[in-house]
Amino acid sequence: MINVHLVPHTHWDREWYLPYQEFRIRLTRLVGKLLTILERDPEYVSFHLDGQSSVLDDYLEVHPEDRERLKSYIAEGKIKVGPWYVQPDEALVSGEALIRNFQLGIRIAEEMGGCQRFGYLPDMFGHISQLPQILAGFGMEEVVFWRGLGDVVTKSNTELRWQGADGTTMFAYRFPNAIGYNSVFRLHADLDKAEQQLRELLDVHLLPPTQAASVLVMVGVDHMEPQDNLTEIIRQLAPKFPGYKLIHSTMERFLAETRADVEKKGASLYTAVGELRDTNRSTDGAINFLLANVLSSRMPLKQFNAKVQHELEKWAEPFSAMWHGMGGAYPDKLLGQSWKYLLQNHPHDSICGCSRDEVHRQMVTRFEWAQEIAQQLTDESLRSITARIDTSALPEEAIVFHVFNPLEHSRKDAVTVELLLPDVDANIRFFEIRDSEGRLLPSQWVDLKRELIAGNHPDAEVRDLGLLDAAVPPEEKGILVGLVYVRKATVRFAPYELPALGYSTFTAVPVRNAARDERSLVDGHALENEWLRVEANRDGSVQLWDKATRQKYENLLVYEDGGDIGDGYTFSPPQFDELFTTLGL
């Protein structure tokens with residue numbers, strides 16, 4: 001007897017070929033219909049709401065009155081959600097972002113009645129090597145995936161093992177290559193046609209790639225509403241399939257039964273190792289598209305994402321924690337909101353840059369919101385920490401400043417700092433920068449500018465309020481009196497070392513003549529030290545010599561521009577292309 005587990009589901013893209021709000025309208029109707037089905041049909045076993053909890057937030061924001069109904073059905077197991085908050089692209093977001101994604105998704109699902117605990121990766125464009133380790137860290141022991149499997153498809157059955165970069169190994173089920181996560185969109189209402197659908201699946205697509213006595217039939221596809229007559233169709237189909245047991249099931253039940261069956265039989269399972277990012281053509285000719293070109297679609301979005309991740313992970317959170325350790329309040333709610341805005345940009349069709357223009361414009365707003373919170377919290381924590389630093393022993397005439405290192409290791413990188421200048425000779429163009437031990441450091445004056453700021457500075461030039469519109473009320477003029485012009489100098493210098501997750505204090509004194517640094521690295525159009533030599537050519541290209549390996553790299557930093565008539569997923573060259581390059585200019 002073969003158990004046929006029929007799992008009704010939807011694959012929900014929060015935004016993609018429609019913008020978020022238009023898809024959300026469809027989501028409200030989907031969830032509303034699901035609630036109606038569950039109320040009317042007590043035998044309806046369960047609906048798989050795509051393994052992500054953001055759908056709950058998005059629905060309840062519009063229909064908060066349905067919270068308890070949803071919570072009740074989730075607690076009963078009739079609606080399955082989590083463990084993701086959103087289904088991301090694994091390669092384009094940071095490891096920390098993946099962990100926060102699971103944390104938020106699991107917390108929301110548990111608060112609403114319960115969370116699925118297996119890795120659900122139905123539509124990601126490839127899989128990173130450390131995901132088994134991350135899944136295991138959340139207590140998950142099984143994973144379901146598609147795409148990127150390459151020749152794994154020809155070497156394994158639908159049941160296999162996946163070993164991550166750290167050696168973590170878990171039971172895995174791969175969707176059949178030709179059908180993926182949509183075995184059938186919905187079972188036909190006509191019983192004969194429904195029987196034909198299921199026979200084709202069992203005869204052609206699902207058997208015999210399995211070693212277990214169970215097969216999985218996913219009933220649904222992208223944005224598909226639940227089928228309200230599914231219970232009755234399964235009941236009527238059951239007698240037509242002798243040798244099979246048709247079960248209105250859940251993913252969790254299918255995985256548990258399949259894993260137990262395989263282990264009981266002692267079946268030898270193929271082990272896929274590490275990253276899974278290969279394209280492949282299956283034996284039946286169906287292509288498992290990886291869509292690898294999304295790694296470079298709409299690059300400014302990827303750069304913005306990296307910037308906000310860095311601000312949260314390396315600045316806002318660690319230094320807020322440090323200030324909390326010194327007695328300050330920890331802004332956990334604000335940090336959580338910043339992370340939520342960021343994670344809402346991580347769905348695979350969003351961060352991959354393959355959606356409509358409206359989607360990607362709205363992503364920029366969410367990035368900005370996440371960044372504004374993170375930067376403000378960073379600024380507040382650093383200001384609070386520096387206020388506790390005793391600088392009374394340093395020279396009074398010096399500009400005192402502090403440089404923080406957010407990394408978990410010490411570093412010797414060059415530092416760029418913006419200094420507020422006192423009222424000194426305007427011709428001064430140099431600084432003597434010293435560390436807290438009084439050692440003179442190599443430095444370079446980069447830029448000087450005048451800037452209008454709020455607040456008073458003893459050496460600043462107060463703005464002439466006579467230039468303001470006479471209609472400005474007197475009470476507002478009182479506020480504008482605080483606008484002042486200041487001079488700011490941008491200076492770059494080389495510290496001896498910055499401590500890990502800490503700070504160093506420096507002083508800057510304006511001087512007329514620069515202290516000479518005998519360790520010159522510059523020779524004409526070349527830079528050289530004991531490890532590398534770099535030469536800049538007239539066209540802007542660069543040659544680099546690695547002295548340790550004696551390897552020479554030529555034509556670096558050459559830019560090339562050519563045509564592309566593809567889309568957000570796939571590069572496609574024009575029939576007649578013309579390439580432009582900076583080489584030789």
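A donor and an acceptor atom, one from each side chain of T416 and R492, are located under 3.5 Å apart. Inspection of the Q375 and D379 side chains reveals no N or O donor paired with an N or O acceptor under 3.5 Å. Residues Q130 and Q133 bring a donor and an acceptor atom of their side chains to less than 3.5 Å of each other.
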Tell me, with the steps shown, if E497 and K412 meet salt bridge (charged side-chain N to carboxylate O under 4.0 Å, His left out). CA-CA 5 Å; E497 188 172 47; K412 300 180 180 181; 5.1 Å; no

Start with the C-alpha gap between E311 and K307, add the side-chain angles, then the distance that decides, and say whether salt bridge (charged side-chain N to carboxylate O under 4.0 Å, His left out) holds. CA-CA 6 Å; E311 184 74 33; K307 186 175 183 180; over 6 Å; no

Apply the test salt bridge (charged side-chain N to carboxylate O under 4.0 Å, His left out) to residues E225 and R29: give CA-CA distance (whole Å), side-chain angles for both, the deciding distance (0.1 Å), then the verdict. CA-CA 8 Å; E225 292 185 0; R29 291 164 183 165; over 6 Å; no

Audit row: E15, R366, salt bridge (charged side-chain N to carboxylate O under 4.0 Å, His left out) steps and yes/no: CA-CA 13 Å; E15 52 193 14; R366 290 194 289 260; 2.7 Å; yes

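Between the OH atom in Y17 and the CG atom in D222 there is a gap of 7.0 Å [rounded to 0.5 Å]. Rounding to the nearest 0.5 Å gives a distance of 8.0 Å between OG of S350 and CZ of R14. For the atom pair CZ of R117 and CD of E141, the computed distance is 11.5 Å after rounding to the nearest 0.5 Å.
Of all heavy-atom pairs between L420 and I399, the closest is O-CD1, 3.7 Å. Nearest approach of L498 to N405, heavy atoms of both residues: O-ND2, 3.6 Å. Of all heavy-atom pairs spanning L290 and G148, the tightest one is CD1-CA, 3.6 Å. V81 and A109 make their closest contact through CG2-CB, 3.7 Å (heavy atoms, listed as atom of the first residue, atom of the second, distance). Of all heavy-atom pairs between V364 and L301, the closest is CG2-CD2, 3.9 Å. Of all heavy-atom pairs spanning Y120 and G51, the tightest one is CD2-CA, 4.1 Å.
Y85 pairs in a side-chain hydrogen bond (donor to acceptor under 3.5 Å, both in side chains) with only one of the listed residues (K340, Q344, R107), which is Q344. The only option from Y173, F125, F175, W162 that meets the ring pair (Phe, Tyr, Trp, His ring centres under 6.0 Å) definition with F145 turns out to be W162. When each of M363, R298, H360, Q362 is tested with S355 by the rule side-chain contact (heavy atoms from CB on, under 4.5 Å), just one qualifies, namely H360.
With hydrogens and angles ignored, the 3.5 Å screen pairs a side-chain donor or acceptor of K302 with a backbone N or O of S297. Between the side chain of H310 and the main chain of W315, no donor-acceptor pair closer than 3.5 Å is present. When atom types are taken as modelled, the side chain of Q87 and the backbone of P347 share no donor-acceptor pair closer than 3.5 angstrom. Not one N or O on the side chain of S443 forms a donor-acceptor pair closer than 3.5 Å with the backbone of F493. A donor-acceptor pair under 3.5 Å links the side-chain atoms of S53 to the main chain of G105, judged by distance alone. The closest donor-acceptor contact from the side chain of T386 to the backbone of S384 lies at 3.5 Å or more, if one exists at all. Using a distance-only test at 3.5 Å, with no hydrogens or angles considered, a donor-acceptor pair links the side chain of T36 to the main chain of G32. Panel note: side chain D567, backbone T570; a donor-acceptor pair is recorded below 3.5 Å. D13 places no side-chain N or O within 3.5 Å of a backbone atom of W16 that could act as its donor or acceptor partner. No side-chain donor-acceptor contact under 3.5 Å links S72 to the backbone of E68.
Under a cut-off of 6.0 angstrom, the local environment of OH in Y569 is crowded, with over 12 non-hydrogen atoms contributed by other residues, nucleotides or ligands. R67 CZ: 12 or fewer foreign heavy atoms inside a 6.0 Å radius. Counted within 6.0 Å of CZ on R439, heavy atoms from surrounding residues, nucleotides or ligands total more than 12; the atom is thus considered enclosed. Within 6.0 Å of atom OH in Y559, 12 or fewer heavy atoms from other residues, nucleotides or ligands are found, so the atom counts as exposed in its surroundings.
Between F404 and H402, the ring planes are perpendicular. Angles over 60° get that label, and only those under 30° would be called parallel. By the 30° and 60° cut-offs, the orientation of the rings of Y181 relative to H11 is tilted. Taking the six-membered ring where the residue is Trp, F118 and H48 present parallel rings, their angle staying beneath 30° rather than reaching 60°. Under the 30°/60° scheme for interplanar angles, the aromatic rings of F102 and F138 are found to be tilted. Aromatic ring pairs are classed by plane angle as parallel below 30°, tilted from 30° to 60° and perpendicular above 60°; the pair F431 and W445 is parallel.
Checked against the 6.0 Å centroid threshold, F367 and Y341 do not count as a close aromatic pair. Proximity of the aromatic rings of H9 and F47 is defined here by a centroid distance below 6.0 angstrom, and this criterion is not met.
When side chains are defined from C-beta on, I128 counts as touching L98, because their heavy atoms get closer than 4.5 Å. A 4.5 Å side-chain heavy-atom check between Q444 and V491 finds every atom pair outside the cut-off. Side-chain contact between K488 and L448: absent, with no pair of heavy atoms (C-beta onward) separated by less than 4.5 Å.
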